[in-house]
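Notes follow once the structure below has been shown.
Read the numbers this way: they start at 1 and go in the same order the structure lists the ligands and their atoms. Remember, predicted model here, so these are calculated numbers, not experimental data.
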Amino acid sequence: VNLLRDAGPKAILIERSAHIARGVAYSAPDPALLLNVRAANMSALPDRPDHFIDWLAQRGVASDGFAPRALYGEYLTELLEDSRQTDPSRLEIVSGDAIAAEVGDAVRVRLASGEVVTGDTLVLASGNLPPVAPPNLNPDGLAPGRYVADPWHGDLAGGLGADDTVLILGTGLTMIDAALLLDRRGFRGRIVALSRRGLLPHRHAPLPAPPGLAERPPVEVTRLLRTVRKRAAAIGWRSAVDELRPWTRSLWLAGTVPQRARFLRHLRPWWDIHRHRIAPRVAEQIDSLRAEGRLRIVAGRLLGATDRVLTWCPRGADHVEEMLVDRIVNCTGPQVDLDSCTEPLLRSLRDAGHITPDPLRLGVATDPVARAIDVSGRPGERLFALGPLTKGTFWEMTAVPDIREQAWTLARRLSHAQWVGGEGL
Ligand SMILES: Cc1cc2nc3c(=O)[nH]c(=O)nc-3n(C[C@H](O)[C@H](O)[C@H](O)COP(=O)(O)OP(=O)(O)OC[C@H]3O[C@@H](n4cnc5c(N)ncnc54)[C@H](O)[C@@H]3O)c2cc1C
């Protein structure tokens, strides 16, 4: 969309799913799945902050809260289609699965159908890497239907009755979705959600977030924590976390690798539940499931599973417990280690040395303008990465408010529009 807006180079969009422009997040049709970010902050265009709420208003939908994710998917699809209509010759949409790419004087992308698509530049915007089974769990050793590897594509509730137990691995945002979907699909048995600490995402406050901090807080982890705690005592923890938003990327970029590693080791679980919150309505549904005894959150470590028997060690305990479960759903989140990734396209680029993992193994290494770093340690001009793949460089590159800006900036670079706008001078 931004390439079209900036009169940039012609683009070819390769998509393997039938849901163009929706990705995993906005393909689910269930209206119970709401955005985790207020509609007012979900414009796809950073230079038009009211774009999504205006779109909602045109459809008579209230825009002050958390819209259904399916509706957001409609918005994205329509935005892409409307933009394409402005000059259909400048955006081609190719339906296919990209399985390999060569990067040389040009870029050649091979599709599973055998077709080859060529261009001058390749932008990897393939989203999160698919989840993998946690260590200690061998899905091949479980009976068919016992394990759901991917909650977005597996059968969560099929064949289960009211006496059955579903174990969800992970207690983050994906677990919230899986618990709601189990309920919506008529599952009336018990749900147990297990994670190391048993921490749940917090709920959003009824009021919108405050403006961002005017100055960047300290980069050093202990000093940063002290500053945030002080602000939390003054303005509440939600506001203290939210006002960091304009600075999170620059804090991460300014940190050394050991500082970033310290943050990941000690603060990440806390950051995740305070930063990535859920809509108040969703939080109420989760509260009711817990109050009815249908959802239990437990903290501990999975040790293994054989058929129906799951063994685990409760947090802080030194004994092993067993649990009888009828289905295990993996909600541990996307896989991030490029070297264990089985996606053929990324494998081919990794094997040829065009992409490399970032030092903390959060995705693909890039420089600050999203150029992929190759095996020689240098960025090239033909290969870029966008979105969650670039978390190692930018950290907060998960939600729309961050990704839209990254995509906008890259489109302007590829269109040489940053020189016209002046921000490159
Ligand atoms: C369940 C869920 C809910 C979320 N809710 C919110 C929210 O409320 N608010 C918010 O701001 N953020 C939310 N996010 C985060 C965020 O919006 C997503 O991370 C974001 O959509 C990522 O965008 P993307 O374009 O990088 O990747 P995706 O949206 O995942 O799109 C990648 C696309 O690439 C295609 N693809 C991948 N590999 C290939 C290949 N080899 N060949 C062809 N096609 C390929 C995929 O089919 C997919 O359509 C949510 C994320 C998830 C998973």
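- For atom 11 (O) of ligand 1, the closest heavy atom belonging to the protein is V400 N, 2.8 Å.
- Ion pairing between R59 and D54 fails under the 4.0 Å rule for side-chain N and carboxylate O.
- Among protein heavy atoms, the minimum distance from atom 12 (N) of ligand 1 is reached at Y26 OH, 3.1 Å.
- Taking every non-hydrogen atom of I14 and a distance limit under 4.0 Å, the qualifying atoms of ligand 1 come out as 43 (C), 44 (N).
- By the side-chain contact (heavy atoms from CB on, under 4.5 Å) test, E115 pairs with V94, L111, S113, V117, sequence neighbours left out.
- Within the 4.0 Å heavy-atom shell around ligand 1 one does not find H19.
- Classification of R197 and D272 as a salt-bridged pair fails, no side-chain N sitting under 4.0 Å from a carboxylate O.
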* To do: Go through the steps to decide whether D97 and R110 satisfy the test salt bridge (Lys or Arg N to Asp or Glu O under 4.0 Å), and finish with yes or no.
  => CA-CA 8 Å; D97 187 7; R110 191 151 51 83; over 6 Å; no
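- Each of V241, D242, L267 was compared with H274 under the side-chain contact (heavy atoms from CB on, under 4.5 Å) criterion, and only V241 meets it.
- When each atom of ligand 1 is checked for a heavy atom of M42 under 4.0 Å away, the hits are 9 (N), 10 (C), 11 (O).
- Contacts of I403 with ligand 1, taken as heavy-atom pairs under 4.0 Å, involve the side chain alone.
- Remark: among candidates P401, A125, G23, the nearest residue to atom 25 (O) of ligand 1 is A125, based on non-hydrogen atoms.
- Counting protein heavy atoms only, atom 42 (N) of ligand 1 is closest to A98 N, 2.9 Å.
- Each of the atoms 8 (O), 9 (N), 10 (C), 11 (O) of ligand 1 lies under 4.0 Å from some heavy atom of V37.
- Remark: S17 engages no residue in a side-chain hydrogen bond (donor to acceptor under 3.5 Å, both in side chains) (not counting sequence neighbours).
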